[in-house]
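Below is one structure, written out as structure tokens; comments come after it.
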Number of protein chains: 2
Amino acid sequence: MTVTMEDVAREAGVSRALVSIVFRDVEGASTATRERVREVADRLGYRPDQRARQLGRRRTRLVGVTYAVHLPFHGELVEALYAAAAPTGWDVMLSPVTARRDETTAVESLLDHRCEAVVLLGPSLPSRALDLLFARVPTVVVARSVPRRTVQVVRTDDAAGARAATEHLRSLGHRRIALVDGGRAPGAAERRRGYRAAMRAGGLDDVALVPGGPTEHDGEAAGEALLATSPRPTAVLAFNDDCAMGLLNTVRGAGVRVPSDLSVVGYDDTAVAGLRAVSLTTVGQDPDALAHLAVTRAIALAEGDAASAEQVVPPHLVVRSTTAPPP
Amino acid sequence: MTVTMEDVAREAGVSRALVSIVFRDVEGASTATRERVREVADRLGYRPDQRARQLGRRRTRLVGVTYAVHLPFHGELVEALYAAAAPTGWDVMLSPVTARRDETTAVESLLDHRCEAVVLLGPSLPSRALDLLFARVPTVVVARSVPRRTVQVVRTDDAAGARAATEHLRSLGHRRIALVDGGRAPGAAERRRGYRAAMRAGGLDDVALVPGGPTEHDGEAAGEALLATSPRPTAVLAFNDDCAMGLLNTVRGAGVRVPSDLSVVGYDDTAVAGLRAVSLTTVGQDPDALAHLAVTRAIALAEGDAASAEQVVPPHLVVRSTTAPPP
DNA sequence: TTCGATGACTAGAGCGCTCTAGTTCGAGGT
DNA sequence: ACCTCGAACTAGAGCGCTCTAGTCATCGAA
């Protein structure tokens, strides 16, 4: 049916081992033979079978990735992960977590394929489960901090991000700055810390935490809560861009002008934030840096390197048009 | 290192073949032995190696899926595909296409893993390339129609969707109804046809096609173009929800009230459309139905079934708050 | 008693590769 | 002439499974 290494070897008049040498690109074949084998392989349409390769090699060079299929930011990370893995010779295997496919299933499926390391994007597994997982396979957690950690963590310095955003608002003259909290979402605790620290450092004690979450829906609810508070804050830092969008839609629907009545800052610098008609001031994470660190770390762990410390990537404030001095 | 079938066999005092029988859940083992093997396997933490399994089985039972990592609708389809594949015993393997990873790469990688069939979500490959691919592996194209087709196609009846949306606007009293075109995007041609047909059937000859595309950015541009036309349409059918969002933001920014000044209809019934603060009238596709047909078809093809005709899933109009009678 | 039948289990080849431990051979040194 | 050495190549044993073609009791029927 499908053409194997055997076919190529026969057709080229060499041994299977030789074809293997050529395709692994290791030394042990003359240039002339190399060319002939490649030519024959191309002619027959031969492509090495990855599974057989992995099995024979006695390792997979596969890093498994779990991610939330509906989060745009995870999409960006996935793109960056593939880009980061490409030059290493390692392969990426995706395992989505959805409403109907939980994180455990996603991870197990990666292990069943014998991934040598796994990268979890913003996992919601309890940190005990992460420790257990780490005992089974080198694990790198991205975009979430894990307290008493054994797993590797690669994340944005969310405290710094929230601090920068808060300071930006304060420097515009705002004093009543609210934070739409992310609850138990990855990064929420750090953002809270950064916000609090900046408020304190700025001499602002009107710390206002509005319950929220990572979805546009959470943003809507937070928007309504915000409209009901009095005195109403003049600026708000939303947990992320999606949340900010929901909030924006809600408060604008109630006649609040942004940014003249209310300044809004998002988080993540998602694609929507950059649209001219939205132009959301936000805190950008660096997916490429995060992804690069994550695969580098994952591969290093799989190669037997000792665990290193948590790695933190600095965020950057992107000032657009949803922030202005208070009324 | 990792525990194999051999280990379980030794520990349970049976042959490898017996363990295999138990794990494949085929007959040939007594209930007592089954339980003992399972118990030992659990104790040792044994999980069958998928690659070895696929290799030994001489088939993978793997359906490969390419999708655009940044499209929310593809995310929904991916979720539905996993759900649809679960009861079949087949496995899904994802291969994202991103700005840095083209469709060809994505497909090749699936073939290197010997997927027995591939499902392409809204592929942008030319139909010649699809024919070539189909010659190599059973291929199902989802959410795009392919003209002179050899590949299997599973898609929403986009013409019907556009027609329904247009008729909804007409029945509200609109006569100047514009369509933001999707250009070469999957489904665009059908939606154009449906729109034109509905306009003609409704006796409306003011067909107005505004250039557009599948992204929020395209929607913004279309919004600006729309604001510049005169007489200005009183209703607009956007290529999809993202496009509609961009358009909404732009026209609202220019002081146009929706729906009182302008009615807007989207397409896809994405998560944003359902948010109370957005509440976009839109045309819903049925990801579960599409996914179910796609995997069913993919598996059938892989099992040697003859190609069947294109399969079309009816869309449904979701009326929300962005449509109203004209001013 | 013999003879299938049937159920429970095993031996071992094979899947398409990798990789170690060779073999072969021609060139260069003495 | 002989020896050595390295480059080019090959044999064959895995990797962890599946699955066909058995073997071996046991049991009911003739």
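Throughout, a chain's letter reflects where its sequence line sits, starting with A, and its residues are numbered from 1.
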- Note on the structure: Rounded to whole Å, CD of B:Q54 lies from P of C:dG16 at a distance of 13 Å
- Take the protein atom CG of A:L55 and the nucleotide atom P of C:dG16, then report the distance between them rounded to whole Å. 12 Å
- Give me the residues of residues 23-45 of chain A where at least one heavy atom lies under 4.0 Å from an atom of DNA chain C, by number, or none. A:R24
- Can you tell me if A:Q285 uses its side chain to pair, donor with acceptor, with the backbone of A:D268 under 3.5 Å? no
- Item | B:S15 side chain near C:dT10 phosphate (N/O to OP1/OP2, under 4.0 Å) | yes
- Task: Ignoring the backbone of A:R114, work out which of D:dC17, D:dT10, C:dC17 is nearest its side chain.
- Result: D:dC17
- Expressed in angstrom and rounded to an integer, what is the separation of B:D7 atom CG from D:dC15 atom P? 11 Å
- Task: Output yes when at least one side-chain N/O atom of A:S20 is less than 4.0 Å from OP1 or OP2 of C:dC17, else no.
- Result: no
- Item | Expected output: side-chain A:T66 to main-chain A:L120 donor-acceptor under 3.5 Å | no
- Task: Could you tell me the separation between the CE atom of B:M5 and the P atom of C:dT10, rounded to a whole number of Å?
- Result: 13 Å
- Message: If I take atom CZ in residue A:R57 and atom P in nucleotide D:dG16, what distance separates them, rounded to the nearest angstrom?
- Response: 14 Å
- Nearest-nucleotide comparison on DNA chain C, the residue closer to the 5′ end among B:G56 and B:I21: B:I21
- Note on the structure: A:D49 atom CG is separated from C:dG16 atom C1', nearest whole Å, by 6 Å
- Checking A:T98 side chain against A:R100 main chain: does a donor-acceptor pair fall under 3.5 Å? yes
- Message: For C:dC15 and B:R58 - does any side-chain N or O of the residue sit under 4.0 Å from the phosphate oxygens OP1/OP2?
- Response: no
- Does atom CD of A:E303 have more than 12 heavy-atom neighbours from other groups under 6.0 Å away? yes
- Task: May I ask you to verify whether the side chain of A:R16 and the base of C:dT18 hold a donor-acceptor pair under 3.5 Å?
- Result: yes
- Item | Options C:dC17, D:dA11, C:dT10, nucleotide nearest the side-chain atoms of B:V14 | C:dT10
- Query: In whole angstrom, what separates B:R51's CZ from C:dT18's P?
  - Reply: 13 Å
- Item | Spacing of A:L18 atom CG relative to C:dT18 atom C1', expressed in whole Å | 14 Å
- Message: Under a 3.5 Å distance rule, please check whether B:H74 uses its side chain to pair with a backbone N or O of B:A68 as donor and acceptor.
- Response: yes
- Is a donor on one side and an acceptor on the other found under 3.5 Å between the side chain of B:T139 and the backbone of B:V137? yes
- Task: Applying side chain to side chain contact (heavy atoms under 4.5 Å, CB included) between A:V142 and each of A:L121, A:V153, A:L293, report the one that passes.
- Result: A:L121
